[in-house]
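What follows is a set of notes on a single structure, which appears directly below.
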Amino acid sequence: MAEMRFAGSFTQQEPIPEEGISAALELLRTGRLHRYNTVPGETSLTARLEAAYAEWQGAKYCLALASGGQAMQIALRACGVRPGDKVLSNAFTLAPVPGAVAAVGAETVLVEITEDLVIDLDDLAAKARASGAGHLLLSNMRGHLCDMDRLMRVAKECGLTVIEDCAHTMGAKWNGRRSGNFGAMGCFSTQTYKHMNSGEGGFLTSDDPELMARAIIMSGSYMLYERHGAAPAAEAFERIRLETPNMSARMDNLRAAILLPQLDWLDDAIARWNALHDRMAERLATLPGVALPHRPEPELYVGSSIQFRLPGLGGDAARQLVAEAAARGVELKWFGASEPAGFTSNHGSWRYLREQSLPRTDAVLSTLFDMRLPLTFTPADCDAIAHHLDAALAALRSPEGAA
Ligand SMILES: *Cc1c(COP(=O)(O)O)cnc(C)c1O
């Protein structure tokens, strides 16, 4: 059995590009790690990264931050969310999303998802009206995009300001438009398990000068906002600069040094992720009982992870499948567990929220499994993983019969 185990690591990312390593070493020798610690005439690496990311994203403004979670908190505040306000969000997301809403003192109202793992737009309209919420923090969880054109129409009809959580959709597009460019602000993460890797880090993007001016002051710019790489003109700061609190969430030059060359690689990384994803999807589709979410034609996804459902599978069988897969070296996440495990949790574990009834979401999550697809995997690894999952499913059907 030992040689039968899959030996790859689901959490092993690629190394930082050599260019990033040498830029980081050079920076360390100067000691000027803080983004505002520059010599006359110098543009900091963080400011350069902001300019480069804004251009790549096709957004007017970009702010580099300490994390994706900070990007969401600052976006919520910049867009006017106040303590006690209600903020809508899809119920299938990661814990930092309701966490960001809680951090601004607001209350998350969870919206149902569909079997394709995206926000249910009918439930969104109903809950927007019933709750009186003015904001939607849309989490493009696991890289699945809803019909963004229809979502923006619903948001307009219901008077919702949309903030996009693009932690899993950096580089994705809907109908040719980049994820993050639909709502008032887009939030991105450069944490190790996302599409760029600086350990921790994030971006906030927007085309709105006033929102971005507020966000920059909140990020901890002091009165040095003219030293940003993709910021609105100084006039945008005049009115808000003294009434906006400083919340210290800056990125530093060391992270910017290792991120800059990764941006040059991002399109290539996306192509490689999608090759792995599509190979894995093709193999999973041949396994008995496996249902893959439908990926609509207008969606250009970034397949850095893959999800599948086993409709009809009970809780005990789901736990058994996770164990059988683990015994074969395959790290499956299950979103239906009653207790959170590692990074994986569901809305039932976010006890600081008012308890909410989400029967359709619960039905989907109870049979939903997930795997990361790091770029250190090869297409042959995808075949091996599918082979082991096939064996794990067979063991589930007939425990004694499994060889
Ligand atoms: C990782 C993640 C975040 C937060 O990013 P951090 O940089 O870790 O704070 C937000 N939303 C989703 C869906 C994520 O996966």
Side-chain angles (χ1 to χ4, degrees), residues 10-11 13 46 49 53 62-77 87-104 106 108 110-111 113 117-119 135-146 162-172 179-180 183 185-205 215 218-219 247-252 254-256 258-259 262 273 293 301-307 333 335 340-347 349-350 353 361 365 368 370-374:
F10 285 79
T11 51
Q13 304 297 62
T46 309
L49 176 67
Y53 192 77
C62 174
L63 169 64
L65 288 160
S67 72
Q70 287 289 348
M72 293 188 290
Q73 282 185 43
I74 287 177
L76 288 164
R77 284 201 168 91
V87 174
L88 295 152
S89 190
N90 38 311
F92 176 44
T93 185
L94 209 72
V97 174
V101 176
V104 308
T108 303
L110 296 170
V111 179
I113 60 157
L117 312 182
V118 297
I119 192 164
H135 297 80
L136 165 66
L137 179 52
L138 175 73
S139 183
N140 300 309
M141 180 65 172
R142 283 311 194 220
H144 295 271
L145 289 174
C146 70
V162 178
I163 296 163
E164 294 169 80
D165 166 20
C166 306
H168 304 163
T169 54
M170 177 187 275
S179 179
M185 303 195 106
C187 307
F188 300 85
S189 170
T190 62
Q191 187 239 77
T192 293
Y193 303 109
K194 313 300 165 89
H195 299 172
M196 292 171 86
N197 175 10
S198 58
E200 306 284 357
F203 296 122
L204 184 56
T205 60
M218 279 189 254
S219 77
M247 297 174 177
S248 273
R250 294 170 301 274
M251 184 179 277
D252 59 83
L254 188 55
R255 294 177 197 187
I258 66 176
L259 287 170
Q262 293 179 49
W273 259 311
Y301 52 83
V302 180
S304 52
S305 67
I306 193 162
Q307 295 69 45
K333 309 285 181 197
F335 281 100
F343 289 99
T344 310
S345 64
N346 67 36
H347 68 91
S349 314
W350 307 329
L353 299 187
T361 299
L365 297 185
L368 179 66
D370 170 86
M371 289 186 290
R372 287 198 179 107
L373 296 172

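Counting starts at 1 for both ligands and their atoms, in listed order.
Between Phe335 and Phe92, the angle of the ring planes goes over 60°, which puts this pair in the perpendicular group of the 30/60° scheme.
Within the listing of ligand 1, atoms 1 (C), 7 (O), 8 (O) sit less than 4.0 angstrom from a heavy atom of Gln191. Close contacts between ligand 1 and Ser189 involve ligand atoms 5 (O), 6 (P), 7 (O) [criterion: under 4.0 Å to a heavy atom]. Counting atoms of ligand 1 from 1 in the listed order, those under 4.0 Å from a heavy atom of His168 are 13 (C), 14 (C), 15 (O). In summary, the atoms of ligand 1 found under 4.0 Å from a heavy atom of Ser67, numbered by their order in the structure, are 7 (O), 9 (O). Residue contact check: Gly201 has heavy atoms under 4.0 Å from atoms 7 (O) of ligand 1.
Between Leu368 and Leu117 the shortest side-chain heavy-atom distance falls below 4.5 Å. A heavy-atom distance below 4.5 Å is not found between the side chains of Met185 and Glu164.
Proximity of Ala167 to ligand 1, defined as any heavy-atom pair under 4.0 Å, is confined to the side chain (atoms from C-beta onward). Under 4.0 Å from ligand 1, the heavy atoms of Val97 that appear belong solely to its side chain. The side chain of Ser139, and not its backbone, has at least one atom closer than 4.0 Å to an atom of ligand 1 (non-hydrogen atoms only; side chain from C-beta on). Using a 4.0 Å cut-off between heavy atoms, Gln70 makes no contact with ligand 1 at all.
Note that OG of Ser89 is 8.5 Å distant from CE of Met72, once rounded to the nearest 0.5 Å.
For atom 9 (O) of ligand 1, the closest non-hydrogen atom of the protein is Gly69 N, 2.8 Å. Nearest protein heavy-atom contact of atom 13 (C) of ligand 1 is Asp165 OD2, 3.3 Å.
Under the 3.5 Å distance criterion, with hydrogens and angles disregarded, no donor-acceptor pair is assigned to the side chains of Thr361 and His347. Asn90 and Ser139 form no side-chain donor-acceptor contact under 3.5 Å, judged by distance and modelled atom types alone. Gln307 and Asp370 share a donor-acceptor pair across their side chains, judged by distance under 3.5 Å alone.
Cation-pi geometry between Arg372 and Tyr193 is satisfied (NZ or CZ under 6.0 Å from the ring centre, within 45° of the ring normal).
Using a 4.0 Å heavy-atom cutoff, Met72 is listed among the residues neighbouring ligand 1. Using a 4.0 Å cutoff on heavy atoms, Lys194 counts as a contact of ligand 1.
Between Leu49 and Met251, the shortest heavy-atom distance links the atoms CD2-SD, 3.7 Å.
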